[in-house]
Q: 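Submitted below is the structure of interest, expressed as structure tokens.
Counting starts at 1 for both ligands and their atoms, following the listed order. Keep in mind the model is a prediction, meaning the values are calculated, not measured.
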Amino acid sequence: MGADILLNIKNLNVVFTGPKGDFHAVKDICFSMGKQKIGIVGESGSGKTVTGRAILKLLPASARISADAIEFNGQDILNKSEKEMRGIRGKGITMVMQDPRYSLNPIRTVGRQIAESYLAHRNVSGKEAVRHTLEMLEAVRIRKPERVYGLYPHEVSGGMGQRIMIAMMLIPEPALLIADEPTSALDVTVQLQLLAILDDLVTRRGMGLIFISHDLELVSSFCDRVIIMYAGRIMEVCEAKDLHQSRHPYTRGLLNCLPRITGNADLLPTLKRDDAWLKASFSY
Ligand SMILES: Nc1ncnc2c1ncn2[C@@H]1O[C@H](COP(=O)(O)OP(=O)(O)O)[C@@H](O)[C@H]1O
Ligand SMILES: [Mg+2]
């Protein structure tokens, strides 16, 4: 495996066990990436979040994760203990969750939470952590960072909450950031602003990014490569620039389903699904 491979996943499977039997949420996922921007796209329920959380082993006890390999920077993380995983989360890999409001502690100021996230991973003084937190808030383009530092989570808007989460996940300087639909709750202008901030930070810091989204058009304009998921499986992996030439019927369906600003919503084609997609194994 080359030294430039950041993450290597081979045949990742996640099965949830429940009173009604097993549910196979992620099936034989394989991909590897360097310091790149990889998009994971698919309709709701296709297994994007479960894949992201499986990499960090942040799944409920009812989830069984198995794989031939989950390697991060050449280390096997599949067999790491929870204690060892705490060493990986932070400096190694962090994840911005789909709804950041549930990830922030409501009774602590946002600044303190970001500073604590830094202190947990770096051996620095409290004063240095505060200084760096203010810098990080500025890096995600929050104006008046001193004022925002002292706000409680309920006092910030959705867009600002997302930026705060991104600041909190970037401050330990992870080698890989997993961002799970970090912009989908935001309006288009704020969305594009946030993507520009992420793009800039990823390029300047030389990080890897896994960007999870259901918006194929957005992902293809932002990422280097796109993984397309359906029913827990990878349907295809496309270089972003080749996406529009894809011949896979599901990918074509996703492309055609995109609402266009100028289009007529009544004419959106319905996405036809084909069980044959589940039988054909993906090769790359
Ligand atoms: N904790 C859980 N227990 C049981 N099933 C789950 C759990 N979390 C997710 N799933 C199921 O796994 C599938 C994939 O979910 P998810 O990865 O969240 O999809 P998405 O692509 O929308 O992010 C869904 O069918 C979902 O219902
Ligand atoms: Mg999800």
Q: Applying salt bridge (Lys or Arg N to Asp or Glu O under 4.0 Å) as the test, list every pair that has at least one member in residues 22-35; sequence neighbours left out.
A: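 Counting only pairs at least two positions apart or across chains, the salt bridge (Lys or Arg N to Asp or Glu O under 4.0 Å) contacts touching residues 22-35 are D22-R64.
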
Q: Residues two or more places apart in sequence or in another chain: which of them pass salt bridge (charged side-chain N to carboxylate O under 4.0 Å, His left out) with R108?
A: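 With neighbours one apart ignored, the set is E116.
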
Q: Between F211 and K37, is there a cation-pi geometry (under 6.0 Å to ring centre, at most 45° from the normal)?
A: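 That pair does not qualify as a cation-pi contact.
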
Q: Rounded to the nearest 0.5 Å, what's the gap from CZ on R131 to CE on M136? Could you check?
A: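 Result: 12.5 Å between the selected atoms.
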
Q: If the criterion is any heavy atom closer than 4.0 Å to an atom of ligand 1, which residues make the list?
A: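 Heavy-atom contacts below 4.0 Å: F16, F23, A25, E43, S44, G45, S46, G47, K48, T49, V50, P60.
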
Q: Using a distance threshold of 2.8 Å, state whether an N, O or S atom of T49 lies below it from the Mg ion (ligand 2).
A: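 Within the cut-off used here (under 2.8 Å), T49 does place an N, O or S atom near the Mg ion (ligand 2).
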
Q: Kindly write out the residues that satisfy side-chain contact (heavy atoms from CB on, under 4.5 Å) with S66, not counting sequence neighbours, or none if the list is empty.
A: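 Applying side-chain contact (heavy atoms from CB on, under 4.5 Å) to S66 gives N13.
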
Q: Kindly compute the distance separating CD1 (I166) from CG (L201), expressed to the nearest 0.5 Å.
A: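 Answer rounded to 0.5 Å: 8.5 Å.
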
